[in-house]
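Reviewing the structure listed below.
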Amino acid sequence: MVSLNMVKSMAKQEYNENSIKILEGLDAVRKRPGMYIGSTDKRGMHHLIWEIVDNGIDEVINGYGNYIKIILEKDGSITIADNGRGVPVGMHASGKSTPEVIYTILHAGGKFEEGGYKVSGGLHGVGASVVNALSSWMVVTIYRDGKISQIKFKDGGKVDSKLKEIGKTNKTGTIVQFMPDKEIFKNCNFSFTTICERMQESAFLNPNLTVEVIDVEDNLSAKYHYETGLTAFVEYVNEGHKALHKVVQFNNVRNRIDVAIALQYTDTYNEQILSFVNDVKTGDGGSHEVGFKSGLTKAFNEYAKNNNIVKGNSSLTGDDLREGLSAIISVRIPEDILQFEGQTKGKLGTPEAKQAVEQVIYENLKFYLEENKEIAKTILEKADKSRQAREAARKARESVRKGDKTKNNRERIISEKLAKATSKEYSKNELFLVEGDSAGGSAKSYRDREHQAILPLRGKVLNTEKASSNDIENNAELRLIEYAIGAGLGQDFDVKESNYGKVIIMTDADVDGSHIQILLITFFYKFMRPLIENGMLYIATPPLYSVETGAKGIKEYIATDEELEEKKKTLKGNYKLQRFKGLGEMNADELYETTMSPKNRRLIRVTLSDAALAEKRIHTLMGDEVAPRKAWINENVDFTLEDDFRK
């Protein structure tokens with residue numbers, strides 16, 4: 001894994017009350033929490049944990065501490081403990097105790113002053129104070145300088161009990177316990193599974209770290225420690241897939257940047273590249289990913305030409321060479337040259353990182369291929385098959401454009417099922433994938449014909465978790481979807497060629513409908529992932545109920561059981577309640593007004609925030625192994641007496 005010698009030597013400076021610099025006060029956090037943590041839903045509430053955990057991770061990165069414990073308490077609060085150096089407890093230049101400054105002043109932290117941290121994973125340096133501002137109470141206990149000190153806060157950051165010594169100790173570290181404010185985070189609870197997934201990732205990235213997660217209420221616990229670091233991470237990502245070779249890991253320092261790379265090829269068709277900077281995931285890639293791709297392509301093509309695997313001046317493209325590749329890139333960059341693009345910190349901009357990563361992957365991979373010729377041959381043969389498939393697809397597209405029999409057959413297949421939109425403004429057009437001919441017929445008869453296209457689907461489509469492009473071409477329903485969207489398939493998919501700006505899955509609100517949704521999402525994730533990455537895939541949410549009130553029978557539609565219970569509190573006199581069992585039960589005008597009309601409908605956008613987790617979840621839920629799927633469902637799905645799977 002990544003060598004910490006460099007960052008340790010840079011971090012061995014004084015970290016005390018003089019390291020803390022105040023940039024501004026803690027204004028407006030409670031008024032606009034979304035500006036600081038993204039949202040006030042479940043994701044935003046978990047972000048509070050990550051802000052505190054990141055402080056402990058920064059200690060580990062800089063050579064202090066090796067253990068983090070997270071406890072979900074019975075009362076709904078959470079405790080996060082680390083064995084780092086402990087927060088400084090001396091008086092700050094402002095006249096307040098340093099812990100009070102850190103936990104009540106925005107932008108107060110060791111990441112803003114020389115001597116605190118040289119390599120830091122904290123995204124904004126505002127974490128501790130923001131968490132306090134969004135909590136009904138917080139208790140911070142500090143083990144440092146032979147003393148146990150404690151400070152308490154309440155009501156969003158007000159000091160409840162000033163810093164005081166409560167005991168003696170020979171340990172170091174910081175314990176933060178807080179209760180998220182229920183007025184801000186309504187109907188939200190911490191998820192043991194979500195926390196475990198994030199903490200497991202941190203353990204992969206730091207082989208000297210042990211993370212423990214405990215759920216007191218449900219009596220659950222998990223502990224993560226991986227001595228092989230990134231190698232174990234790649235093995236985890238590829239679990240359940242056939243690997244073509246053992247995981248390869250490279251570690252080097254270039255331009256003061258500590259680079260670690262682990263990679264492995266499997267018999268799959270997707271590439272999976274996950275990158276991190278100072279332990280923060282860079283979901284939008286950046287200069288380090290650009291350097292990795294460039295170095296990998298260069299090393300393989302040089303080897304192929306030197307060994308007469310590729311003839312003449314032809315070469316394999318990066319897309320060909322990355323088919324079936326899983327790779328983890330982890331770089332540690334000193335603060336003085338660290339640059340991100342945009343406010344989200346999801347894309348690395350540091351120019352030095354491109355050169356550093358490109359050198360490391362090129363030099364090490366070139367040597368590895370020479371030493372492992374059979375593995376090199378296997379990977380290059382796979383890449384060459386990808387090239388052949390890509391060229392065949394290109395020729396097929398050209399023949400369609402020229403108007404041969406392929407085009408005529410394609411048009412015939414589409415015209416028989418698809419009700420097209422008339423507009424040529426493709427970005428404004430919508431394709432509805434509708435469950436069943438009955439609902440499809442209603443949708444076709446009552447729609448915005450200019451911008452809305454309807455494609456009825458017959459039954460459940462193929463589970464594509466392990467499918468190839470040939471499997472798709474041989475499946476009538478999926479081939480129809482491919483033809484309708486018109487942007488290709490797999491690595492040949494070009495989102496700019498899509499005939500629709502939105503693809504909307506519209507199914508019944510029951511178990512079968514949910515299964516169809518999952519099957520279709522799996523297909524799009526595996527073979528048209530840019531649709532998801534560009535925010536073009538949606539799920540329609542038809543109402544569950546209609547309520548008629550008054551003498552004139554005024555009808556109102558209710559989306560969920562929770563909304564129905566709230567509505568019942570306001571209903572007076574006689575009313576008529578109808579439960580929709582399927583889209584086919586609705587009149588055509590009802591279906592349009594409630595589920596298709598942009599004025600009234602509710603759409604859920606399918607997003608991809610964590611590619612590794614998505615790949616793992618799809619394999620768990622859609623793969624062949626029953627035990628992992630059953631375990632996940634039992635842990636994450638709450639069944640009620642209303643769930644009847646016999647129907």
Side-chain angles (χ1 to χ4, degrees), residues 268-273 283-285 319 322-323 346 389-390 393 397 410 414 417-418 420-421 423-435 451-457 460-469 471-473 475 477-507 513-541 596 598 601-619 621-622:
T268 59
Y269 301 94
N270 292 329
E271 71 175 72
Q272 187 91 279
I273 299 177
D284 298 323
D319 287 340
R322 294 193 303 273
E323 184 177 281
R390 174 172 51 82
R397 285 200 308 274
R410 188 186 187 115
I414 293 176
K417 297 277 293 206
L418 176 68
K420 291 184 177 181
S423 172
K424 299 300 181 182
E425 293 183 272
Y426 298 121
S427 63
K428 295 182 180 180
N429 289 350
E430 302 174 343
L431 174 63
F432 284 83
L433 304 176
V434 185
E435 175 188 356
H451 292 296
Q452 292 182 332
I454 309 297
L455 181 60
L457 299 177
K460 296 179 180 179
V461 300
L462 176 72
N463 180 356
T464 57
E465 202 276 326
K466 291 186 176 181
S468 67
S469 297
D471 295 328
I472 305 304
E473 293 297 336
N475 183 274
E477 294 292 304
L478 294 180
R479 188 175 71 245
L480 193 57
I481 296 173
E482 177 200 348
Y483 288 177
I485 294 174
L489 204 66
Q491 290 189 353
D492 188 51
F493 183 83
D494 185 352
V495 72
K496 296 177 183 177
E497 295 293 321
S498 175
N499 292 325
Y500 306 95
K502 288 186 176 71
V503 177
I504 303 169
I505 301 171
M506 190 163 70
T507 65
S514 296
H515 191 199
I516 293 171
Q517 289 174 14
I518 293 172
L519 290 167
L520 287 170
I521 290 171
T522 301
F523 166 67
F524 286 118
Y525 173 76
K526 289 289 187 178
F527 293 95
M528 298 185 186
R529 190 184 300 186
L531 271 182
I532 301 176
E533 294 172 339
N534 286 274
M536 297 163 64
L537 182 62
Y538 295 81
I539 297 174
T541 57
M596 297 174 64
R601 70 190 183 190
R602 298 184 184 186
L603 298 180
I604 299 173
R605 175 178 278 170
V606 180
T607 61
L608 182 61
S609 59
D610 189 329
L613 184 56
E615 185 75 27
K616 195 74 178 175
R617 187 74 75 244
I618 283 178
H619 181 68
L621 296 176
M622 308 305 290

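Because the structure is predicted, anything quoted here is derived from the model rather than measured. By convention here, the first residue in the shown sequence is residue 1.
- When atom types are taken as modelled, the side chain of S427 and the backbone of G501 share no donor-acceptor pair closer than 3.5 angstrom.
- Side-chain atoms of R605 do not come within 3.5 Å of backbone N or O of Y538 as any donor-acceptor pair.
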* Asked: Do E533 and V495 pass the side-chain contact (heavy atoms from CB on, under 4.5 Å) test, and can you show the C-alpha distance, the side-chain angles, and the key distance before you say yes or no?
  -> CA-CA 10 Å; E533 294 172 339; V495 72; over 6 Å; no

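- A heavy-atom distance below 4.5 Å is found between the side chains of V503 and L531.
- The shortest distance between side-chain heavy atoms of I521 and I539 falls below 4.5 Å.
- Looking at heavy atoms from C-beta onward, L537 lies in side-chain contact with I505 at the 4.5 angstrom threshold.
- The shortest heavy-atom contact between L418 and A484 is CD2-CB, 4.1 Å.
- For the pair L433/I454, no side-chain contact is recorded, criterion being any heavy-atom separation below 4.5 Å from C-beta on.
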* To do: Would you please test N475 and F523 for side-chain contact (heavy atoms from CB on, under 4.5 Å) and show each step?
  => CA-CA 12 Å; N475 183 274; F523 166 67; over 6 Å; no

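- Rounded to the nearest 0.5 angstrom, E482 CD and L480 CG are separated by 10.0 Å.
- Between K460 and E435, none of the side-chain N atoms (NZ, or NE/NH1/NH2) sits under 4.0 Å from a carboxylate O, so this pair counts as no salt bridge.
- Residues K428 and Y426 form no side-chain contact, since every pair of their non-hydrogen atoms from C-beta on lies 4.5 Å or further apart.
- Between I504 and L431 there is no side-chain heavy-atom pair separated by less than 4.5 Å.
- Atom CG of residue L520 and atom CD1 of residue I481 lie 5.0 Å apart, to the nearest 0.5 angstrom.
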* Stepwise side-chain contact (heavy atoms from CB on, under 4.5 Å) test for M596 and E430 -> CA-CA 10 Å; M596 297 174 64; E430 302 174 343; over 6 Å; no

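- With rounding to the nearest 0.5 angstrom, the CZ atom of R479 is 11.0 Å from the CD1 atom of I472.
- A 4.5 Å side-chain heavy-atom check between T607 and I532 finds every atom pair outside the cut-off.
- Taking OG from S498 and NZ from K496, the interatomic distance works out to 13.0 Å, rounded to the nearest 0.5 Å.
- Distance OG1/T522 to CD/Q517: 11.5 Å, rounded to 0.5 Å.
- Pairing each heavy atom of A421 with each of A453, the nearest pair is N-CB, 3.8 Å.
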* Start with the C-alpha distance between R529 and E271, add both sets of side-chain angles, then the distance that settles salt bridge (charged side-chain N to carboxylate O under 4.0 Å, His left out), and finish with yes or no. => CA-CA 11 Å; R529 190 184 300 186; E271 71 175 72; over 6 Å; no

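- The shortest heavy-atom contact between F493 and G488 is CD1-O, 3.3 Å.
- Between the side chain of N429 and the backbone N or O of S423 there is at least one donor-acceptor pair closer than 3.5 Å.
- L519 CG to S514 OG: the interatomic distance, rounded to the nearest 0.5 Å, is 11.0 Å.
- In this structure, the side chains of L455 and K417 come closer than 4.5 Å at one or more pairs of heavy atoms.
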* Test log, rule side-chain contact (heavy atoms from CB on, under 4.5 Å), inputs I485 and N499 -> CA-CA 5 Å; I485 294 174; N499 292 325; 5.8 Å; no

